[in-house]
Amino acid sequence: NPNPNSNPNPNPNPNQAVGWRSVVSRAFQRLPGQRGTAHDVFAQIERMPGVALDWSIEPGAKTTSVWIKRAQETMSRHPNP
């Protein structure tokens, strides 16, 4: 008996389904010379087919989307994808 209030996405947390290290690495690979700014990387990620982005605002942030925060964290932890 399905819950009418449940999220139609089978994964309750779409960010867990995204391998951010892989996504960021693929974004850098699409950039000239595989180099660019964080905004260049974000623009590439937005164009990637099949990557579900969580546009809701990160808790505690005023304007940063959840997916941008995850990408930023990944670039910080893994500066050379």
Side-chain angles (χ1 to χ4, degrees):
N1 190 10
N3 180 348
N5 298 322
S6 68
N7 183 343
N9 183 343
N11 183 348
N13 185 350
N15 286 308
Q16 289 180 342
V18 176
W20 282 108
R21 191 169 184 186
S22 172
V23 169
V24 168
S25 180
R26 288 189 341 230
F28 271 108
Q29 290 170 6
R30 294 172 173 221
L31 293 171
Q34 298 186 3
R35 298 181 62 88
T37 66
H39 290 284
D40 295 333
V41 172
F42 301 155
Q44 290 300 321
I45 291 171
E46 287 183 48
R47 293 184 190 108
M48 287 183 182
V51 178
L53 302 176
D54 183 349
W55 287 93
S56 63
I57 302 302
E58 173 75 8
K62 292 186 180 191
T63 60
T64 305
S65 297
V66 170
W67 79 266
I68 290 177
K69 183 67 173 170
R70 297 299 167 267
Q72 288 171 331
E73 290 169 349
T74 301
M75 288 186 283
S76 177
R77 281 193 220 110
H78 307 285
N80 299 311

Shortest non-hydrogen contact from Trp55 toward Ser65: O-OG, 3.4 Å
Smallest separation among heavy atoms of Ile57 and Thr63, with atom names: CD1-O, 3.7 Å
Residues which pass salt bridge (Lys or Arg N to Asp or Glu O under 4.0 Å) with Arg47, listed by chain and number, not counting sequence neighbours: none
Side chain to side chain donor-acceptor pair (under 3.5 Å) partners of Ser56, counting only residues at least two apart: Asp54
Minimum heavy-atom distance Ala71-Ile45, with the two atoms named: CB-CD1, 4.1 Å
Residues in side-chain contact (heavy atoms from CB on, under 4.5 Å) contact with Thr64, at least two apart in sequence or another chain: Ala61, Ile68, Lys69, Gln72
Inter-residue atom distance Phe42.CZ - Leu53.CG, 0.5 Å rounding: 11.0 Å
Test side chain to side chain donor-acceptor pair (under 3.5 Å) applied to Thr37 - qualifying residues, sequence neighbours left out: Asp40
Glu73 CD to His78 NE2 distance, which is reported to the nearest 0.5 Å: 10.5 Å
Residue pairs fulfilling salt bridge (Lys or Arg N to Asp or Glu O under 4.0 Å) with at least one residue in residues 56-66, sequence neighbours excluded: Glu58-Arg70
Closest non-hydrogen atom pair, Ala27 against Met48: N-CE, 3.1 Å
Pair Val51-Trp67, side chain to side chain contact (heavy atoms under 4.5 Å, CB included): steps then yes or no: CA-CA 10 Å; Val51 178; Trp67 79 266; over 6 Å; no
Salt bridge (Lys or Arg N to Asp or Glu O under 4.0 Å) partners of Glu46, counting only residues at least two apart: none
